[in-house]
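Below: one structure, written as structure tokens.
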Amino acid sequence: QQPVQSPQAVILREGEDAVINCSSSKALYSVHWYRQKHGEAPVFLMILLKGGEQKGHDKISASFNEKKQQSSLYLTASQLSYSGTYFCGTTTPPGMTTDSWGKLQFGAGTQVVVTP
Amino acid sequence: DAMVIQNPRYQVTQFGKPVTLSCSQTLNHNVMYWYQQKSSQAPKLLFHYYDKDFNNEADTPDNFQSRRPNTSFCFLDIRSPGLGDAAMYLCATSRGISDTQYFGPGTRLTVL
């Protein structure tokens, strides 16, 4: 089942902050974040494996709340290069169902536009 | 540099004319995936290989087939492309199931 991302789109001025949320109705094993620019392949940003884990990549960071089955991606002091569509991908724990184990279920994406 | 390579980057075919897309990797990863991505949508998993074990998604049309002759290469065959199959096709690899997936640049398929 596809995780739910919000918001669908966000427009930022350079230097502003934004938060993208990803939530699931199922228990989560891991959350993966990707950024995709128009016409290009998704680029891996980070993976979160444990509840409560937080990671950072430059000024982009993320948290994973296992109990709430959700993750948030934080864009801090946004740069023009941050523009693109951000996807979260989630996996379910082993033993949940053999069909879904390990497979990434992507959210619908959040389009981020950073303007000068 | 270790990477995922897809060829061709752009493919134009005619309605019903078979087409093959290729993916190769130098990462020596065990798992290779094929995704279909239509405009403004999330990538949709078609199938994946764990080594030689093939796993088909339940909703992947029979029109789509895949081959993995060795660790490095994986092919996507579309036997009779329809207009609805026009999309970006993404190949990805990972060391193991649920590990980070690394995507190739994609092949954009146009069906005339």
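Throughout, a chain's letter reflects where its sequence line sits, starting with A, and its residues are numbered from 1.
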Side chain, backbone, both or neither: which part of B:Pro105 has a non-hydrogen atom closer than 4.5 Å to chain A?
backbone

Contact summary for A:Phe87 and B:Gln41, nearest pair of heavy atoms
CZ-O, 3.8 Å

Say you draw a straight line from OH of A:Tyr34 to OG1 of B:Thr100; how long is it, rounded to the nearest 0.5 Å?
6.0 Å

Cluster link A:Leu104 to B:Tyr89, ILVMFWY, side chain under 4.5 Å:
no

Which heavy-atom pair separates B:Gly104 from A:Ala41 by the least distance, and what is that distance?
O-CB, 2.7 Å

Contacting region of A:Gln111 [heavy-atom separation from chain B under 4.5 Å]
neither

Side chain, backbone, both or neither: which part of B:Gln6 has a heavy atom under 4.5 Å from chain A?
neither

In terms of hydrophobic clustering (I, L, V, M, F, W, Y; side-chain heavy atoms under 4.5 Å; direct or indirect links), are B:Ile5 and B:Val19 co-clustered?
no

Co-membership, hydrophobic cluster, residues B:Val4 and B:Phe73, 4.5 Å side-chain:
no

Nearest 0.5 Å, what's the CG-NE2 distance between B:Asp99 and A:His32?
8.0 Å

So that I know where these two stand, are A:Phe106 and B:Tyr35 an aromatic pair - ring centroids less than 6.0 Å apart?
yes

B:Tyr33 side chain to A:Lys103 backbone, donor-acceptor under 3.5 Å:
no

Take a 6.0 Å sphere around CG of A:Leu80 and say whether it holds more than 12 heavy atoms from other residues, nucleotides or ligands.
yes

Quick check on A:Lys68: does its NZ atom have over 12 non-hydrogen neighbours (other residues, nucleotides or ligands) under 6.0 Å away?
no

Run B:Phe103 and A:Phe44 through ring pair (Phe, Tyr, Trp, His ring centres under 6.0 Å) and show every step you take.
CA-CA 8 Å; B:Phe103 285 83; A:Phe44 171 73; 9.9 Å; no

Within a radius of less than 6.0 Å around CZ of B:Arg95, do more than 12 heavy atoms belonging to other residues, nucleotides or ligands occur?
no

Step through the shown structure and confirm whether more than 12 heavy atoms of other residues, nucleotides or ligands are within 6.0 Å of CG on B:Asp62.
no

Can you establish whether the number of heavy atoms outside B:Lys38 located under 6.0 Å from its atom NZ is more than 12?
yes

Between A:Gln2 and chain B, with a heavy-atom cut-off of 4.5 Å, which part of the residue counts as in contact: side chain, backbone, both or neither?
side chain

